[in-house]
Amino acid sequence: MTNNEKWNQIVNYFDMIHHDDEKKIQLAWEKKICHEILNYNSEIIPHKEVQMGSTKYTDIVLQKDGKDAVVIELKKHTLHCNNGQAQLFSYMKILSSENNPVHLGLLVCEHLYIYYYDFTKSDEENDKNKLEIRFTKDNPDGEKFVELFSKENFDEEKIRDFIQSRKRQKNMVSEIQNKLTGTFICEAVKDYLKKHGYKDYDIEKSMEGFLFECKQKTFATTMPDLKNNDLDKEQIKDLCGKNNVDIPFEFTKAKLNAATPRYWANPNKKNLFKDWWIALVNTDERKLHILKIPANTIKPEDLKYKTPELIDLQIYSDRQGFIDSRSGISFLKYYIKTIDY
């Protein structure tokens, strides 16, 4: 399995446990990601005890040559890094010693954050040097994460250099973008024309009627022209594509009835005999939940029907576990991803 395939597998785990509690997230990272994907064995230390006024426990510590090397702090995947960074830094400081400073930390929440903690700098300065990796498939930074953090390749200096190089690249891109103004473009055009033999007077006269603008392209997270925050099927498919979910056009759309609250739909029972995709649209919170039920997973007789051919589907909201109120079947196991729009 390539490093890119391993990263995509991590993304799959992230999507599957997106709404789970921290115990399930802990289990996934300990058993699936650190052990099966990154190849650690006895080097995985779950719930290591630390003294912070009272006894507390880290989520996971990875060791190298019997010494603590990486502290992993795990949070619910709906939370921002502000909810775990201070705690991670505290654990890293307490576990560090003069002979074994623990420089590397991972914070897993809505994104993956890698820290190389410089003990000569403040927490605020170390916060600015974190590297953010989004849980999206085929992410080159994710692929590099797998490569560098795998047991057989683990090298603290290479990880530090990777973080610094990506930060330098990000700063350079930001610097260039700040230079891209209308004035800059105008002067660049003038320089180009001068180099090709045109005289200053002719250039100025030719450009009098032109306005030069340089605007950064925006990728809106919202969909255009939404009626009552609702999405049609084309918008759903387009939104899924932009978020690395390859949903076919033949899917079931169900909209949340806020008063109940349930997602209502009457799909044909033929859907049960093929891979069945369901798009749940929550217009109040502007969230799109994607489910995929593999073919022949649900028996036709286990569902309730509005007519002999049409299923009476009434799925409770995500806060109630995506349970079909009519049949009692939990659709949570078929959950793929939630997309904000």
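As a basis for the values below, the full set of heavy atoms in this structure was taken, side chains included, without hydrogen atoms, waters or symmetry mates.
Inter-residue side-chain proximity for S317 and N282 is flagged as unmet; no heavy-atom pair is nearer than 4.5 Å. At least one side-chain heavy atom of Q164 sits under 4.5 Å from a side-chain heavy atom of R160. A 4.5 Å side-chain heavy-atom check between D284 and N229 finds every atom pair outside the cut-off. F322 has its side chain within reach of Y335: a pair of non-hydrogen atoms, C-beta onward, lies under 4.5 Å apart.
Side chains of R262 and N257: no donor on one and acceptor on the other come within 3.5 Å. Side-chain atoms of T2 and N4 form no donor-acceptor pair, as typed in the model, at a separation below 3.5 Å. Judged by distance alone, the side chains of Q235 and Y341 never bring a donor and an acceptor atom under 3.5 Å apart. Counted by atom type alone, N244 and K337 present zero donor-acceptor pairs between their side chains at under 3.5 Å. The closest side-chain donor-acceptor pair between Q169 and N171, if any, does not fall under 3.5 angstrom.
Under 4.0 Å is where a charged nitrogen must lie from a carboxylate oxygen, and between K121 and D127 no such pair does.
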Does H77 form a ring pair (Phe, Tyr, Trp, His ring centres under 6.0 Å) with F14? I'd like the steps, not just the answer.
CA-CA 8 Å; H77 294 342; F14 173 83; 4.6 Å; yes

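Annotation: side-chain hydrogen bond (donor to acceptor under 3.5 Å, both in side chains) contacts involving residues 287-305, sequence neighbours excluded, comprise K287-D340, H289-T338.
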Only pairs under 3.5 Å count here: list side-chain donor-acceptor contacts from residues 20-37, not counting sequence neighbours, and write none if there are none.
from: D21; atom 1: OD1; to: K23; atom 2: N; distance (Å): 3.2
from: D21; atom 1: OD1; to: K24; atom 2: N; distance (Å): 3.1
from: Q26; atom 1: NE2; to: D59; atom 2: O; distance (Å): 2.9
from: H35; atom 1: ND1; to: Y40; atom 2: O; distance (Å): 2.8
from: H35; atom 1: ND1; to: N41; atom 2: OD1; distance (Å): 3.2

For a quick test of your reading: what N or O donor-acceptor pairs under 3.5 Å do the side chains of residues 181-192 make, sequence neighbours left out?
from: T181; atom 1: OG1; to: F184; atom 2: N; distance (Å): 3.2
from: K190; atom 1: NZ; to: E204; atom 2: OE2; distance (Å): 3.0

Would you give me the side-chain donor-acceptor pairs under 3.5 Å for residues 100-108, sequence neighbours excluded?
from: N100; atom 1: ND2; to: D68; atom 2: O; distance (Å): 3.3
from: H103; atom 1: ND1; to: Y117; atom 2: O; distance (Å): 2.7

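Here the CG-NZ distance, from N39 to K6, works out to 5.0 Å after rounding to the nearest 0.5 Å.
Remark: K170 pairs with no residue by the salt bridge (Lys or Arg N to Asp or Glu O under 4.0 Å) rule, at least two apart or across chains. Remark: K75 engages E73 in a salt bridge (Lys or Arg N to Asp or Glu O under 4.0 Å) (not counting sequence neighbours).
Shown are I236, I290, N271, T252; of these, the side-chain contact (heavy atoms from CB on, under 4.5 Å) with W277 is made only by I290.
Geometrically, K255 does not engage Y263 in a cation-pi contact defined by less than 6.0 Å to the ring centre and at most 45° from the axis.
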